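Take a look at the structure below.
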Amino acid sequence: MGAVVPSASARPATFDAALALLRAWADERRAAAPEAPVLDILRVAEALEIAWPVASALRGALPEAAAAMLIDPILAQERARAERVAEQAREAAEALAGAGLSAIALKGAAFLADAGGAPVPWRRLVDLDLLVDADALPRAVRALEEVGYAAADPEAYVPTDYHFPALTPARPGVAIELHTRMDWRRHGPMMRALEGARASALPGLRVLTPDDRLAHLVRHAQVSDRGWPRRRVRLREALDWRRLLEAGATLEGARRRMDGGAERAAFDGYAALMGRIWEDPSVAARAASRAWAQDALAAAADPELAARRDRADFGRGWWDAVTTWETLVHGLRAMLNPARLRRIVRNRT
């Protein structure tokens with residue numbers, strides 16, 4: 001028997017209020033005053049990493065005095081955060097270009113690159129993901145070290161890692177992850193996407209085509225991060241999805257970039273969920289995809305349910321890793337790396 005999933009009426013009112021405000025912001029329309037407590041909505045929006053759009057929509061729905069007291073400090077904080085990250089992106093792009101390198105901006109970093117390094121406060125960035133050629137990785141690391149970044153444990157890196165240990169700035173900001181592949185596979189279908197990368201509005205950084213970015217969004221979140229078996233999604237990804245469709249991505253084009261039936265099923269479920277979040281009737285979905293979307297929306301509204309699913313999937317994730325050739329080779333290399341072993345021991349104690 002499948003899991004019992006809360007209906008829309010059983011979900012927290014604050015979650016549905018946050019969704020309504022998210023839609024109002026994206027549609028550029030005035031939001032209605034919410035019935036749920038404003039502070040509770042703001043807490044939910046922060047947890048879901050959609051604080052900027054929800055607070056922006058709330059500002060126009062509240063009396064001016066209340067908006068100035070409750071909303072303006074949040075918007076100022078989000079703007080300051082976005083400006084710091086944008087400055088980092090510009091600095092990193094300049095450092096890499098100065099070393100004769102060009103990187104591909106992935107995920108949230110791609111929106112910064114498209115904006116020419118201008119802040120994008122609507123999109124919460126927790127790090128900057130930049131992809132460089134594997135042969136150029138040592139030069140890219142040195143270029144970032146010269147402008148104040150440092151990896152906490154560089155000796156723990158092994159060639160089968162898909163990114164170098166996070167490089168953190170000396171001043172407040174987010175880490176930069178230098179990737180050499182799109183996921184664990186050296187020659188997976190997403191690596192072919194690199195052939196279509198184009199220059200962005202930020203010199204030193206390139207971006208993938210909208211279809212490739214949409215496919216990578218789903219593959220990273222639902223396959224690499226196991227959102228599909230866990231029936232989970234990060235709500236900020238809904239903003240990426242919408243912006244990429246607005247930029248010209250198509251469901252058909254992105255789906256063709258998924259590898260095999262299982263990945264395409266994951267894409268279909270994810271598309272069904274996005275159709276529900278954005279109330280988009282054009283997204284036709286099969287029953288299995290609709291069921292997955294319902295489950296994922298329930299977990300987005302209920303952190304305890306999401307945590308239980310993560311724990312339940314933990315053992316299966318390890319099993320999938322040791323039964324896949326490339327991840328098995330990676331695990332063996334990691335276990336033979338003394339620095340990596342020390343880090344594993346530290347994390348367990």
Side-chain angles (χ1 to χ4, degrees), residues 22-23 26-27 49-50 53 103-115 120 122-131 162 179 181-185 188-202 205-228 231-286 289-290 292-293 296-297 300:
L22 180 68
R23 296 182 188 115
D27 293 338
E49 299 179 322
I50 53 172
I104 295 177
L106 301 175
K107 299 190 296 181
F111 292 104
L112 267 175
D114 277 342
V120 286
W122 61 269
R123 206 308 185 168
R124 173 75 65 84
L125 278 89
V126 297
D127 57 18
L128 288 169
D129 295 297
L130 306 178
L131 188 144
Y162 67 89
H179 292 242
R181 59 182 79 179
M182 305 287 277
D183 54 33
W184 291 109
R185 295 176 295 177
M190 286 310 306
M191 291 301 287
R192 294 193 290 273
L194 306 185
E195 300 169 4
R198 58 169 176 80
S200 75
L202 184 58
L205 295 183
R206 292 176 290 149
V207 293
L208 305 175
T209 68
D211 278 354
D212 286 326
R213 286 168 64 180
L214 194 67
H216 184 235
L217 166 67
V218 180
R219 193 175 199 291
H220 182 274
Q222 297 305 305
V223 180
S224 297
D225 283 358
R226 299 189 63 79
W228 172 248
R231 291 162 292 156
R232 288 202 58 188
V233 67
R234 296 183 183 91
L235 204 57
R236 64 179 163 88
E237 295 165 4
L239 291 165
D240 295 9
W241 175 275
R242 175 149 177 162
R243 287 296 171 95
L244 289 171
L245 290 180
E246 291 170 350
T250 64
L251 299 190
E252 298 80 7
R255 190 178 187 274
R256 282 197 300 269
R257 287 155 167 80
M258 306 305 288
D259 188 19
E263 288 193 8
R264 291 185 178 183
F267 185 92
D268 293 342
Y270 196 88
L273 174 62
M274 293 299 144
R276 289 192 61 173
I277 288 174
W278 295 116
E279 297 181 329
D280 182 359
S282 69
V283 180
R286 295 174 302 172
S289 298
R290 292 196 301 269
W292 186 91
L297 200 58

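Everything numeric here is computed off the predicted structure, so don't read it as measured data. Numbers here simply count residues along the sequence, with the first being 1.
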Please check this pair: side chain of [X] against backbone of [Y], looking for a donor-acceptor N/O pair closer than 3.5 Å.
X: Gln222; Y: Arg232; answer: yes
X: Asp225; Y: Gly227; answer: no
X: Arg219; Y: Ser224; answer: no
X: Trp122; Y: Ile50; answer: no

With the side chain counted from C-beta on, respond yes when [X] and [Y] share a heavy-atom pair under 4.5 Å apart, and no when they do not.
X: Arg264; Y: Val218; result: no
X: Trp241; Y: Ile277; result: no
X: Leu112; Y: Leu202; result: no
X: Leu214; Y: Leu245; result: yes
X: Leu205; Y: Leu130; result: yes
X: Leu297; Y: Val233; result: no
X: Leu194; Y: Leu208; result: yes
X: Met182; Y: Leu131; result: yes

Where do [X] and [Y] come nearest, in terms of heavy atoms and distance?
X: Ser200; Y: Val207; value: CB-CG1, 4.0 Å
X: Ala254; Y: Ala215; value: O-CB, 3.6 Å
X: Gly196; Y: Thr209; value: O-CG2, 3.6 Å
X: Ala293; Y: Ala272; value: CB-C, 3.8 Å
X: Pro210; Y: Ala247; value: CG-O, 3.7 Å
X: Leu125; Y: Ala109; value: CD2-N, 3.7 Å

Task: Residue that, paired with Asp114, satisfies salt bridge (charged side-chain N to carboxylate O under 4.0 Å, His left out) out of Arg123, Arg243, Arg198 - done: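 So, applying the salt bridge (charged side-chain N to carboxylate O under 4.0 Å, His left out) to Asp114 and each of Arg123, Arg243, Arg198, only Arg198 qualifies.
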Task: For Lys107, the option from Asp129, Asp240, Asp127 that meets salt bridge (charged side-chain N to carboxylate O under 4.0 Å, His left out) - done: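 Result: among Asp129, Asp240, Asp127, Asp129 is the only option passing the salt bridge (charged side-chain N to carboxylate O under 4.0 Å, His left out) with Lys107.
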Output the distance between atom [atom1] ([X]) and atom [atom2] ([Y]), rounded to the nearest 0.5 Å.
X: Leu106; Y: Leu128; atom1: CG; atom2: CG; answer: 10.5 Å
X: Glu279; Y: Asp27; atom1: CD; atom2: CG; answer: 8.5 Å
X: Leu235; Y: Glu237; atom1: CG; atom2: CD; answer: 8.5 Å
X: Leu251; Y: Ser282; atom1: CG; atom2: OG; answer: 7.0 Å
X: Phe267; Y: Asp259; atom1: CZ; atom2: CG; answer: 14.0 Å

TODO: Would you please name every residue forming a ring pair (Phe, Tyr, Trp, His ring centres under 6.0 Å) with His179, sequence neighbours left out?
DONE: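 For His179 the ring pair (Phe, Tyr, Trp, His ring centres under 6.0 Å) partners, ignoring immediate neighbours, are Tyr162, His163.
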- [ ] Look at Arg257 together with Asp212 and state whether they make a salt bridge at an N to O cut-off of under 4.0 Å.
- [x]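 So Arg257 pairs with Asp212 through a salt bridge.
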Open item on the list: Strictly below 4.0 Å, N to O, side chains only: are Arg234 and Glu49 in salt-bridge contact?
Closed with: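 Not counted as a salt bridge, because no side-chain N and carboxylate O are separated by less than 4.0 Å.
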TODO: Report yes if the distance between the aromatic ring centroids of Trp228 and Trp292 is under 6.0 Å, otherwise no.
DONE: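 That pair passes the under 6.0 Å test.
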- [ ] Is it possible for you to check whether Arg213 lies under 6.0 Å from the centre of the six-membered ring of Phe111, through NZ or CZ, and within 45° of that ring's axis?
- [x]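 Geometry flag: set, cation within 6.0 Å and 45°.
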TODO: Find out whether the Lys NZ or Arg CZ of Arg242 is both under 6.0 angstrom from the six-membered ring centre of Trp278 and within 45° of the ring's axis.
DONE: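 Yes, cation above the ring, under 6.0 Å and within 45°.
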Open item on the list: Taking salt bridge (charged side-chain N to carboxylate O under 4.0 Å, His left out) as the definition, give me every residue that meets it alongside Asp268, ordered by chain and number, with sequence neighbours left out.
Closed with: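 For Asp268, the residues satisfying salt bridge (charged side-chain N to carboxylate O under 4.0 Å, His left out) (neighbours in sequence not counted) are Arg255, Arg286.
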